[in-house]
Amino acid sequence: PISTTGIYTSVSTNASGCPHTEILDLTINSSTSNSTLHTDCDSYTWSVNGQTYTTSGTYTHVSANAIGCVHTEIIILTITQTPTVVANAIPSSILCDGDLLTLSASGTSGATYSWDNSVIDNIPFYPLVTTFSYTVTANLNGCISYDQITITVKPTPIIIANISNESCFGDANASIDILVQNVSGQLHYLWNGPLGFTSSIQNIGGLNPGIYQLFITDNNNICNNIT
C-alpha cells in the first residue's frame, strides 16, 4: 500500500503490445487527534459530545475532520467532589463576656479550612460582646464550600445591692434590695444565707445578721454573677 502523497507511475504493455503508462497523482490525508487535560468540581459537561461526566477518567470521542478523515478527541478528566463543611462552636454558640470561644470546622477528609475575621481553626479567642456571624471556607483541590455560625456573647450582669441593717440586734428585720444592670430579659435568683436561709426572689427581707450570697442567671442559664 502507498501511504504518502506523490505522483506514481506504472508502465505496462497494452493489448496491442505497445507500452502503456499509468500515472497516479495521489494525495494522502491524515487522521487527526487532540488531547485535553481538564479538572472540575462535581461534574463536567464536555462540549465535544454534550455528555456530562461525574467521575475522573479518560474519555474519547471519534468523528470526521474537515477533510473527511477520522478525528479523535481525547479528554483526561479529573473530577473532585465539593467538600462538605460544618462550622462548630466550642463550648457553645451562646457565651458570656470573658468566655473563650473555639471555632472548628469538620467535613470532608483532606479539605483545608479557613475562617474570616482573623479566626484560626481550633485556636481559642475572646469574642466581642455582640451577636456576630463567622464564615468558614472549605477547599479541596480548588473546590469550595462554605458554612456559617452565629455567636452571641452576652454581658455579665452587674449587681448593685442596697442593704438595710437590723434596727436593733435580734430584730431580724434587715433587708437587701437588688438592682441588676447590663442585662435584659428574665432573670433567676438564688439566695443563700445564715441559718439555712434560701430564697428565689429578687429582694429579700426579715433577715438575720450574716453573709448572704446571691447567684443570678439569665433565661438561658448562661451568664451569671455572684455577690
Could you check T54 against S43 for side-chain hydrogen bond (donor to acceptor under 3.5 Å, both in side chains), going step by step and ending with a plain yes or no? CA-CA 4 Å; T54 58; S43 65; over 6 Å; no
Residues, nucleotides or ligands: over 12 heavy atoms within 6.0 Å of I160 CD1: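 Count over threshold, so yes.
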Should we count CZ of F125 as having more than 12 external heavy atoms under 6.0 Å?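 Atom CZ in F125 is packed in, count exceeds 12.
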Atom CG in L101, atom CD1 in I123: separation rounded to 0.5 Å?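 Going from the CG atom of L101 to the CD1 atom of I123 covers 12.5 Å.
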Are the side chains of N117 and F132 in touch, meaning some heavy atoms are under 4.5 Å apart?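 A side-chain contact under 4.5 Å exists here.
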Heavy-atom distance under 4.5 Å between the side chains of L103 and V136, does that happen here?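 A side-chain contact under 4.5 Å is absent here.
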Results of ring-ring contact (aromatic ring centres under 6.0 Å, His included) for H61 - residues two or more places apart only: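 For H61 there are no ring-ring contact (aromatic ring centres under 6.0 Å, His included) partners, ignoring immediate neighbours.
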Can you sort out the partners of Y53 under ring-ring contact (aromatic ring centres under 6.0 Å, His included), two or more places apart, ordered by chain and number?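 Partners of Y53 by the ring-ring contact (aromatic ring centres under 6.0 Å, His included) criterion, ordered by chain and then number, come out as Y59.
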Applying side-chain hydrogen bond (donor to acceptor under 3.5 Å, both in side chains), can you list everything that pairs with [X], at least two apart in sequence or on another chain?
X: T60; answer: none
X: T82; answer: D42
X: D121; answer: W115
X: T45; answer: T52

Between D116 and T135 (side chain of the first, backbone of the second, donor and acceptor by atom type, cut-off under 3.5 Å), is there such a pair?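 A pair under 3.5 Å: yes.
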Donor-acceptor under 3.5 Å (Y134 side chain, A89 main chain):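 Side chain of Y134 to backbone of A89: no pair is present.
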Results of side chain to side chain contact (heavy atoms under 4.5 Å, CB included) for I28 - residues two or more places apart only: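 T5, L26.
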S30: side chain to side chain contact (heavy atoms under 4.5 Å, CB included) partners, not counting sequence neighbours: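 With sequence neighbours excluded, S30 shows a side chain to side chain contact (heavy atoms under 4.5 Å, CB included) to no residue whatsoever.
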My understanding is that only residues two or more places apart in sequence, or in another chain, count here; which of them pass disulfide (SG to SG under 2.5 Å) with C69?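 Once residues adjacent in sequence are excluded, C69 has no partner under the disulfide (SG to SG under 2.5 Å) criterion.
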Donor-acceptor pairs under 3.5 Å, side chain of residues 198-205 to any protein atom, not counting sequence neighbours: which ones?
| residue | atom | partner | partner atom | Å |
| --- | --- | --- | --- | --- |
| S199 | OG | I201 | N | 3.3 |
| Q202 | OE1 | Y189 | OH | 3.4 |
| Q202 | NE2 | I178 | O | 2.6 |
| N203 | OD1 | I178 | N | 2.6 |

Atom pairs and distances, side-chain donor-acceptor, residues 138-145, under 3.5 Å, sequence neighbours left out:
| residue | atom | partner | partner atom | Å |
| --- | --- | --- | --- | --- |
| N139 | OD1 | G142 | N | 2.9 |
| S145 | OG | P83 | O | 2.6 |

Mind listing the side-chain donor-acceptor pairs of residues 71-78 below 3.5 Å, one per line with the distance, residues two or more places apart or on another chain?
| residue | atom | partner | partner atom | Å |
| --- | --- | --- | --- | --- |
| H71 | ND1 | T32 | O | 3.4 |
| H71 | ND1 | T32 | OG1 | 2.6 |
| H71 | NE2 | E73 | OE1 | 2.8 |
| E73 | OE2 | N34 | ND2 | 2.6 |

